[in-house]
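As structure tokens, the structure follows; a few thoughts come after it.
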Amino acid sequence: MSYAEEREQNIARNRAILADLGINPLRPKCEPRENLRKKVAAKKRKSPLPESDELEPPKKASRIADDSNEQGGTRRSSRLAGKTVDYKQEQDRGVPEPMTFKRSQKLKVGQVKSKRTYDPHMYGHIPDVEVGTWWATREDCSNASVHGPWVSGIAPGPNGAYSIALSGGYDDDVDDGYAFTFTGSGGRDLKGTKTAPKNLRTAPQSSDQSFEDRNNAALQRSVDTQKPVRVIRGFKGKARSKYAPSEGYRYDGLYLVKKAWIEKGLNKGSFLVCKFAFVRMPEQEAIPVNDGGDDESDE
């Protein structure tokens, strides 16, 4: 079986699982369009040097000297002309007081400087962050406490996952907006190779995933506890889903993990992967759609 055929079979199976969960009542009849954001052009840094290679010589300050200076006496400013000045008293001005400043507190080893107002290790909405809030980077999402990790797609907690980042993922995952399937973590060699020592998440699947992985275990616990999971969608998923933002990352609200299972993954080694089915909780703002994406999500 070819890769394309296997992918289509996996997508059909994932879509059937979502259909069994009954998501149609959650989808509004009229879906809003996203507000496109203009890319902000990077500001050009002005060079401190002139464009010409030849630098102008610094201008000398003009001084007006009195007659005594011309004869080798002490130089005097024009503003002091005709006045008797005690130069010894002028020069003895005392030592200026040292400027005081507050030294920044040094961070301990392993401590990260945080801009967060709230702790991301909580279930449910983050205070002051509305559904539909948009950020340019994952770092911004982290600072807003919606999804703490900068790289990992899963933020695990003791009673289930706090949040996940839905951004591209695996080729056979299905994102229908109000429900989606999500592939777990693990099974990749993150050490890299000599030629690519930092391939990280781009490494191919090289072993089975399992629920012993702390991230996958957290999502499996979410099925039992039914704790809400915050979901952010990223721009990398726009090629396959009309619900992904065209740029940046968007908070799409709270979801429940309804099912967890293991199946053969879409990889050359046929390694097993952990899969999860998410359904959006009701009474939340409608998810905006982009102009592209996969039209199959309308089915």
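If you're wondering where the values come from, they're calculated on a predicted model, not measured in any experiment. We count residues from 1, following the sequence as given. Just the heavy atoms: all of them, side chains too, but no hydrogens, waters or symmetry mates, feed the values below.
- Put simply, the side chain of H147 gets close to the backbone of S152: a donor and an acceptor are under 3.5 Å apart.
- Hydrophobic cluster membership is shared by F276 and L21, with clusters built from Ile, Leu, Val, Met, Phe, Trp and Tyr side chains linked at under 4.5 angstrom.
- Counting heavy atoms from C-beta outward, D128 and T117 have side chains that stay 4.5 Å or more apart.
- Clustering ILVMFWY residues whenever any of their side-chain heavy atoms sit less than 4.5 angstrom apart, transitively, puts M122 in the very cluster that holds I232.
- Of the charged side-chain nitrogens involved, none lies within less than 4.0 Å of a carboxylate oxygen, so that D20 and K259 do not count as a salt-bridged pair.
- Placement of V146 and F235 in two distinct hydrophobic clusters is found when ILVMFWY residues are connected by side-chain heavy-atom separations under 4.5 Å, directly or transitively.
- One distance of note links OH of Y162 with CD1 of I126; it measures 10.5 Å at 0.5 Å rounding.
- Criterion: ILVMFWY side-chain heavy atoms under 4.5 Å apart, direct or through other members. Under it, I17 and L256 are not part of a common hydrophobic cluster.
- In plain terms, the two heavy atoms of A161 and V229 that are nearest each other are O-CG2, 3.5 Å.
- The 12-atom threshold is exceeded at CH2 of W261, counting heavy atoms of other residues, nucleotides or ligands nearer than 6.0 Å.
- Side-chain atoms of T181 and Y170, non-hydrogen and from C-beta on, never get closer than 4.5 Å to each other.
- Of all heavy-atom pairs spanning V223 and A260, the tightest one is CG2-CB, 4.0 Å.
- Remark: aromatic rings of F180 and Y243 are distant, center separation not under 6.0 Å.
- In this structure, S222 contributes its side chain and A218 its backbone to a donor-acceptor pair below 3.5 Å.
- Put simply, the side chain of R230 gets close to the backbone of P120: a donor and an acceptor are under 3.5 Å apart.
- M281 and V231 end up in different hydrophobic clusters when Ile, Leu, Val, Met, Phe, Trp and Tyr side chains are linked at under 4.5 Å.
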For this session: Start with the C-alpha distance between S185 and R214, add both sets of side-chain angles, then the distance that settles side chain to side chain contact (heavy atoms under 4.5 Å, CB included), and finish with yes or no.
Result: CA-CA 9 Å; S185 67; R214 65 189 298 263; over 6 Å; no
Exercise. Can D252 and L166 be said to form a side chain to side chain contact (heavy atoms under 4.5 Å, CB included), step by step?
Worked result: CA-CA 10 Å; D252 280 349; L166 191 62; over 6 Å; no
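- Residue N10 holds its CG atom at 5.5 Å from CD of E263, rounded to the nearest 0.5 Å.
- When atom types are taken as modelled, the side chain of R280 and the backbone of L254 share no donor-acceptor pair closer than 3.5 angstrom.
- The two residues G132 and R250 come nearest to each other via the heavy atoms O-CG, 3.7 Å.
- Rounded to the nearest 0.5 Å, atoms CD (Q209) and NZ (K275) are 9.0 Å apart.
- Side chains of I164 and L219 form a contact here, defined as non-hydrogen atoms less than 4.5 Å apart.
- For the atom pair N267 CG and E6 CD, the distance stands at 8.0 Å (nearest 0.5 Å).
- The distance from atom CZ of F182 to atom CG of N216, rounded to the nearest 0.5 Å, is 8.5 Å.
- With hydrogens and angles ignored, the 3.5 Å screen pairs no side-chain donor or acceptor of R116 with any backbone N or O of S145.
- The one candidate from E31, K242, R233 that meets the side-chain contact (heavy atoms from CB on, under 4.5 Å) condition with I287 is R233.
- C141 and Y249 make their closest contact through SG-CB, 3.7 Å (heavy atoms, listed as atom of the first residue, atom of the second, distance).
- For the atom pair NZ (K238) and OG (S167), the distance works out to 10.5 Å, reported to the nearest 0.5 Å.
- Using a 4.0 Å cut-off between a side-chain N of Lys or Arg and a carboxylate O of Asp or Glu, R7 and D171 do not qualify as a salt bridge.
- Distance alone, capped at 3.5 Å, is enough to place a donor-acceptor pair between the W134 side chain and the E247 backbone.
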Problem set entry | side chain to side chain donor-acceptor pair (under 3.5 Å) assessment of S246 paired with N290 | CA-CA 6 Å; S246 297; N290 59 49; 4.9 Å; no
For this session: Decide yes or no on side chain to side chain contact (heavy atoms under 4.5 Å, CB included) for N143 and W135, but give the supporting numbers first.
Result: CA-CA 10 Å; N143 289 337; W135 301 275; over 6 Å; no
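- The shortest non-hydrogen separation linking D172 to N14 is O-ND2, 3.6 Å.
- In summary, D176 and R15 engage in a salt bridge, as defined by a charged side-chain N under 4.0 Å from a carboxylate O.
- Side-chain N/O atoms of T137 and D140 include a donor and acceptor closer than 3.5 Å.
- The two residues H125 and Y251 make their nearest non-hydrogen contact at ND1-OH, 2.7 Å.
- A donor-acceptor distance shorter than 3.5 angstrom exists from the side chain of T225 to the backbone of N159, with no hydrogens or angles considered.
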